[in-house]
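By convention in this document, chain letters (A, B, ...) are assigned in the order of the sequence lines, proteins followed by strands, and residues within each chain are numbered from 1. Every heavy atom of this structure was used, including side-chain atoms; hydrogens, water molecules and symmetry mates were not.
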2 protein chains.
Amino acid sequence: MAAPISPHTQIFAPLKNDLILRAAKGQKTERVPVWVMRQAGRYLPEYREAKGNTKFFATCKDPELVCELTLQPIRRFNLDAAIIFSDILVIPVALGLTVANDPGEGPVYADPISTPEDVKRLNTNFDIVSELGYVYEAITLTRVKLEGKVPLFGFTGAPWTLMKFMIENVSAGPNPNKARKFLVEHPEASHELLGILKDAVVRHLVHQIKAGAQIVQVFDSFAGELGPNLFSKFELPILRQIAREVKEQLKEMAIDPVPMVVFAKDAHFAIEDLAQSGYEVVGLDWCVQPLHARKLSGNHVTLQGNLDPVMLYATKDEIKKAVKDMLNKFGTQHYIANLGHGVLKDVDPDHLGVFVDAVHTYSEDINAVS
Amino acid sequence: MAAPISPHTQIFAPLKNDLILRAAKGQKTERVPVWVMRQAGRYLPEYREAKGNTKFFATCKDPELVCELTLQPIRRFNLDAAIIFSDILVIPVALGLTVANDPGEGPVYADPISTPEDVKRLNTNFDIVSELGYVYEAITLTRVKLEGKVPLFGFTGAPWTLMKFMIENVSAGPNPNKARKFLVEHPEASHELLGILKDAVVRHLVHQIKAGAQIVQVFDSFAGELGPNLFSKFELPILRQIAREVKEQLKEMAIDPVPMVVFAKDAHFAIEDLAQSGYEVVGLDWCVQPLHARKLSGNHVTLQGNLDPVMLYATKDEIKKAVKDMLNKFGTQHYIANLGHGVLKDVDPDHLGVFVDAVHTYSEDINAVS
């Protein structure tokens, strides 16, 4: 492992396209910025070629390869942000879980969390730069190679989502109530585990920002299944703490704050709370109606989302129509366009290009009229 | 197969507990009626004993065994309804799909739907009494053996949920975008398939009612993943047609109408529409906040739900507290208590008993005060 990098002292190229940062801060934008979740990935032939047979976790640990995978969609599409290629599951590994194998899209743990005692064996005092330095190296390298073309996103899984993976080994096949059962049967151990994960998530985000990430997203991919009661009790306070503590730690380190995005998939019941939880942007899945989200979230937050990912299987004309409808409903300000979940692996890349370009074209049209 | 039974001409025992029927019709009830989804099942030792090694589908086809499994929870708990033990997947089999094997909780098809051409090979002119007579026999038998203790529910899967199973073979492992992709890529074939399923569902419901079912539920277990756009286009019109056509066909046959319940899991975006779609009752999953649902659905519909099923893993005191909270929010009228999804297989039956009794006790308390 190379020596720790402190790139916040480096001088990166000036940013040529700050649309997404302005939108996140609620500043006026001349067109709607757009990026997509799971932007780098298997739907791109160049991804499959560059990755070859390298296993998923080995890929995440190779900064040169990560940089290449991150830049591929930026070369191909007119996107307004890059997002570092990585995985939400790097944190549990840093905490001491062992990756048993590498099937499908993500790792499976040899030693998942089953009991409150398992929480005690986590290595909470891990050296984050030793354990996750490969992420920060990749971010710095990518930031350099981006040459200011667009901002670079860092990201993390949210504590509840990480807890769910650590208990259920989601990649190995779903058991959608095991982690929820743990919350109800072991509330104290759950609070302890979520607190451990929260600390790790905060440190991971701060180090990504220090390494050069200009905006960060917290993926709470399984927020929805908590329902309003468990979400309020176990996850919302933790999400608030993450936003607050990241900002505090950056301040102490004299690093400029960056916009933070929370994407709590399927947590339709929590939109009001999320809009007041300290994040500049609230991401929405495709099941939330834009007008409903605007009404609930108020004007103090930027919304991000939310075209149904399966719409990229539709014809190009239908994609354009759907984008138009989405922009008409969200409006063009306080808004970052995205899919409502990750791009699917067998989508035609040209269809993603139509989506990206349609966001730009139609939002410029709307802005020109208004 | 025995000769068709026409039990609507039979005289069943008078109903001793009509709470759930009155609640469904919006009539005043002195206590809140309660039943639970997946009421008969593996959480009961007597179920595991009675079923033994009989395979799942063979169990569904054995009216005596179905009757026994349906009555078991009624003997053990103070429930206000029985629900016939069956499966939503009997309809695709009647349409010609072949059950390949019987793993886990349900069958897997040897010949799932993959292309629009596959829709053409469905046997739409099946004789429903030959194909599904075992369900109707079981209903009549159970209705007799219930001796009027509580009403008997019939049920069906909704067309979209059946379509998803037929395409994705859900029991074999999830592929949560394959059926959605089919909708977007093959809209015409999708409408055709959903229409075929709608016709089968209507016939199946009418025959269940004719056989003795006193209330019926349509399970749209995967409604939520459609999101508002695909749901409005492909499923909502079909759900409306089912309610209308069942009532029309019953009228033509001079059979009294029965209350109809629609449970569209995770379709939080559709509560207003569902409340006006011709069903007397709208079921809610655990992610919907009761007050929100009341506001959206208005006063003309009865709500059913929605305790988080994992709450049955909590202590008995916590279960009682959660029931109290739920009743305070829903109120005691226009309301049928239930879990927000099926009872989980490793729940302590005593905890389910606490839930059922708490609904009765607290709702009587509230009614006594008000």
Side-chain angles (χ1 to χ4, degrees), chain A residues 104 170 173-187 223-232 266-272 284-293 296 306-315 318-319 321-322 325-326 329 340-342 344-347 351, chain B residues 104 173-187 223-232 266-272 284-293 296 306-315 318-319 321-322 325-326 329 340-347 351:
Chain A
V170 180
N175 181 349
N177 291 299
K178 205 170 165 188
R180 281 159 33 77
K181 181 179 181 181
F182 195 98
L183 289 178
V184 171
E185 286 196 329
H186 310 297
E225 67 175 41
L226 287 174
N229 294 332
L230 295 178
F231 183 81
S232 301
D266 295 324
H268 54 89
F269 47 79
I271 293 172
E272 282 171 282
L284 303 169
D285 64 81
W286 74 91
C287 294
V288 177
Q289 306 194 57
L291 297 172
H292 182 66
L296 291 179
N306 75 346
L307 191 80
D308 188 338
V310 298
M311 279 307 294
L312 297 191
Y313 296 126
T315 64
E318 283 168 330
I319 295 169
K321 209 178 135 201
D325 180 60
M326 179 175 83
K329 285 175 177 162
H341 201 205
L344 297 162
K345 63 185 178 186
D346 58 347
V347 151
H351 284 218
Chain B
N175 180 348
N177 291 299
K178 205 170 165 187
R180 282 160 32 76
K181 180 180 180 181
F182 194 98
L183 289 177
V184 171
E185 285 196 329
H186 310 297
E225 67 175 43
L226 287 174
N229 294 331
L230 295 178
F231 183 82
S232 301
D266 295 324
H268 54 89
F269 47 80
I271 294 172
E272 282 171 283
L284 302 168
D285 64 80
W286 74 91
C287 294
V288 177
Q289 307 193 57
L291 296 172
H292 181 66
L296 291 179
N306 75 347
L307 192 81
D308 188 340
V310 298
M311 279 308 294
L312 296 190
Y313 296 126
T315 64
E318 283 167 329
I319 294 169
K321 208 178 134 200
D325 180 59
M326 179 175 81
K329 286 176 177 161
H341 202 203
V343 63
L344 297 162
K345 63 184 179 186
D346 59 346
V347 152
H351 284 218

To the closest 0.5 Å, what do you measure between [atom1] ([X]) and [atom2] ([Y])?
X         : Y         : atom1 : atom2 : result
Leu230(A) : Met311(B) : CG    : CE    : 7.5 Å
His268(B) : Phe269(A) : NE2   : CZ    : 9.0 Å
Thr315(A) : Glu185(B) : OG1   : CD    : 11.0 Å
Asn229(B) : Asp325(A) : CG    : CG    : 6.5 Å

Problem set entry | Residue among Val347(B), Leu344(B), Asp346(B) satisfying side chain to side chain contact (heavy atoms under 4.5 Å, CB included) with Lys181(A) | Asp346(B)
Exercise. Are Trp286(A) and Arg180(B) side-chain neighbours, meaning at least one heavy-atom pair lies under 4.5 Å?
Worked result: yes
For this session: Could you pull out the closest heavy-atom pair between Val310(B) and Asn177(A), with the gap in Å?
Result: CG1-OD1, 3.9 Å
Exercise. Looking at Pro309(A), Cys287(A), Gly227(A), which one has more heavy-atom pairs under 4.5 Å with chain B than the rest?
Worked result: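 Answer, by heavy-atom pair count under 4.5 Å with chain B: Cys287(A).
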Problem set entry | Which portion of Leu183(A) sits near chain B, non-hydrogen atoms under 4.5 angstrom |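 Neither part; nothing is under 4.5 Å.
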